[in-house]
Amino acid sequence: MPLFAFVCADKPGHLNVRMETRPTHLDHLNALNEKGILKMAGPFLDGEGKPNGSLVIVETDTIEEARALADADPYAKAGLFQSVEVKPFNWVFNKPEA
């Protein structure tokens, strides 16, 4: 099954939205993890070490399914992101199953 990366950039000045929405975002990612869909995830950090975006990698059959998962993320629903790119991803080095 193919992998897809969500490359998400936060809107400037929206750290409060991120922090307020974080518990439901983590619940969403935990549910994807339990289903075996989530492969890795974490925030991008600014120069001060504060989160300012996200990288999420999922395994789905199609890019349309991946986009639907990106749209369902509580961060996206809360309007946190300035942009979200969903891109096919090829995990070459340090892949756990390799």
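This structure is a prediction, so every number in the text was calculated from the model and none was measured.
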Quiz item: Under the side chain to side chain donor-acceptor pair (under 3.5 Å) rule, what pairs show up with a residue in residues 27-44, not counting sequence neighbours?
Solution: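 The answer is Lys39-Glu59.
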Quiz item: Tell me the salt bridge (charged side-chain N to carboxylate O under 4.0 Å, His left out) pairs involving residues 45-57, sequence neighbours left out?
Solution: Glu48-Lys50
Practice problem: Please check if Leu32 and Leu55 belong to a single hydrophobic cluster, counting links between Ile, Leu, Val, Met, Phe, Trp and Tyr side chain heavy atoms closer than 4.5 Å. | Solution: no
Exercise. Quickly, which of Leu38, Val58, Thr24 forms a side-chain contact (heavy atoms from CB on, under 4.5 Å) with Leu29? Name it, please.
Key: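 Going through Leu38, Val58, Thr24 one by one, the side-chain contact (heavy atoms from CB on, under 4.5 Å) with Leu29 is satisfied by Leu38 alone.
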Exercise. For Ala76 and Ala70, work out which heavy atoms get closest and say how close.
Key: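 So the two residues come closest at CB-O, 3.5 Å.
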Self-check item: Hydrophobic cluster identity match, Val56 and Phe4, side-chain contacts under 4.5 Å
Solution: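 Val56 and Phe4: one cluster.
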Quiz item: Would a hydrophobic clustering, with Ile, Leu, Val, Met, Phe, Trp and Tyr connected at side-chain separations under 4.5 Å, put Met40 with Val7?
Solution: yes
Exercise. Output all residues satisfying side chain to side chain contact (heavy atoms under 4.5 Å, CB included) with Pro12, sequence neighbours left out; order by chain, then residue number.
Key: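 Result, side chain to side chain contact (heavy atoms under 4.5 Å, CB included) vs Pro12: Gln82.
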Quiz item: Quick one: do Val86 and Leu69 end up in the same hydrophobic cluster if we chain Ile, Leu, Val, Met, Phe, Trp and Tyr together by side-chain heavy atoms under 4.5 Å apart?
Solution: yes
Quiz prompt | Residues that, via side-chain heavy atoms closer than 4.5 angstrom, fall in one hydrophobic cluster with Leu15 | solution =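 Its cluster mates, by chain and number, are Met19.
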Practice problem: First locate atom CH2 of Trp91, then atom CG of Leu3, and finally report the distance between them rounded to the nearest 0.5 Å. | Solution: 7.5 Å
Quiz item: Can you list every side chain to side chain donor-acceptor pair (under 3.5 Å) pair that touches residues 2-18, not counting sequence neighbours?
Solution: Asp10-Arg18, Arg18-Ser54
Quiz item: Under a single-linkage rule joining Ile, Leu, Val, Met, Phe, Trp and Tyr whose side-chain heavy atoms are separated by less than 4.5 Å, which residues share a cluster with Met1?
Solution: none
Self-check item: Non-neighbouring partners of His25 that pass ring-ring contact (aromatic ring centres under 6.0 Å, His included), sequence neighbours left out
Solution: Tyr75
Quiz item: Does any pair with a residue in residues 67-94 pass salt bridge (charged side-chain N to carboxylate O under 4.0 Å, His left out), and if so which ones, sequence neighbours excluded?
Solution: Glu85-Lys87
Exercise. Following the transitive rule for hydrophobic clusters with a side-chain heavy-atom cut-off under 4.5 Å over Ile, Leu, Val, Met, Phe, Trp and Tyr, establish whether Ile63 and Phe6 coincide in one cluster.
Key: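 Linked, Ile63 and Phe6 end up in one cluster.
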